[in-house]
Amino acid sequence: MSMIKKVGVLTSGGDAPGMNAAIRAVVRAAIHNNLEVVGIRRGYKGMIDGDFIPLVSKDVSNIIQRGGTILGTARSEEFRTVEGRRKAYGNLVGANINACIVIGGDGSFQGAGIFSKEYDIPFVGVPGTIDNDLYGTDYTIGYDTALNTVVEAVDRIRDTASAHDRMFFIEVMGRGAGFIALHSGIACGAEAILIPEVDGQEEALHEYLKSQGNKSSNIILVAEGNNVGGAEQIANQIMVKYPEYDVRVNVLGHMQRGGSPSAFDRFLASRLGVASIDALIDNQRSIMVGFVNHDIVHVPFNKTINASKNLNKILLDVADILAH
Ligand code: ATP
């Protein structure tokens, strides 16, 4: 029988649509299991500051459809220090919190893993990041919504691009991972896609630009961490080298993080939130709950932090075949 009585829940790192749906699921699943829940505001920063708020079922009413996170999120340098984590532990003990659910990315799980080694407070992670770059889960909360947001934006840009016979370089999020660029690129029929996981794409881009002639518009999707450069920088080079193209740039930026979560992200957040409480009750520690082949899995923090999630590079060929 588990000794856990009061669970803290926090959102940490970059915000992602569906985090609220995950908070709701954690709170209601905990209450269903006769556990009390405390919201920890602004991630590990709030843990260090003791910024806690009790949560009951009605506190999470009417949030499943809202983007952002009602608890706020932050990046905390202090939590990286022994002293910062000591303060956080003191606050958790003071509030009688004896387990935590952290909704975030690999950095958040790394912090949780270190903390749990130093202090006897179990953590379970719920993958929440628009980048979908976490090993051990097919999808992360927020990715599907961000993908749909990008597709909608690119469709709009395509309308004006084709009206004016223009080439658009559209930069999307993805510092270390090209999931958003590659999948939205296929969904939008992008003519070329640049992602961090592949080297030598500059040459392929030039080959494409030299070879194509009868397209009325071109959409080049650029993941921000690709190996050729930022959208602005690449566009400037192309304008010099290929003056025949009427080139424009669009950096989608933070709009990719916002908005009401998609049905899939709400569903995923609900399942993972419930699974995180089940895992705690089942005495699981320092694991992330993931979603693989439409089923719940448990992945140790050190595995999801250290292993990298493979992007299916065959999809670049799919995009290429369909762009011609
Ligand atoms: P995203 O993928 O959206 O960036 P993330 O969870 O990876 O989300 P990070 O900024 O990497 O975001 O990490 C969130 C917080 O986790 C950090 O601000 C810090 O407080 C804590 N953290 C990360 N790495 C460590 C570490 N090595 N030791 C202690 N705390 C850490």
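Numbering of ligands and ligand atoms starts at 1, following listing order.
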*asked:* Whether K87 and E83 form a salt bridge (side-chain N of Lys/Arg under 4.0 Å from carboxylate O of Asp/Glu) is what I want to check.
replied: no

*Is the shortest side-chain N to carboxylate O distance from R175 to D131 below 4.0 Å?*
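No.
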
*By salt bridge (Lys or Arg N to Asp or Glu O under 4.0 Å), which residues pair with R80, not counting sequence neighbours?*
E77

_Please verify the inter-ring angle class for F291 with H294; under 30° counts as parallel, over 60° as perpendicular, anything in between as tilted._
perpendicular

*Can a cation-pi geometry be assigned to K210 and Y242, taking NZ or CZ under 6.0 Å from the six-membered ring centre and within 45° of the ring axis?*
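No, K210 and Y242 do not form such a contact.
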
*Protein residues that have a heavy atom under 4.0 Å from any atom of ligand 1, sorted by chain and number*: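 Shell around ligand 1 (4.0 Å, heavy atoms): S12, G13, G14, Y44, R75, S76, F79, R80, R85, G105, D106, G107, S108, Q110, G111, I114, T129.
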
*asked:* Is the distance between the ring centroids of F301 and F123 under 6.0 Å?
replied: no

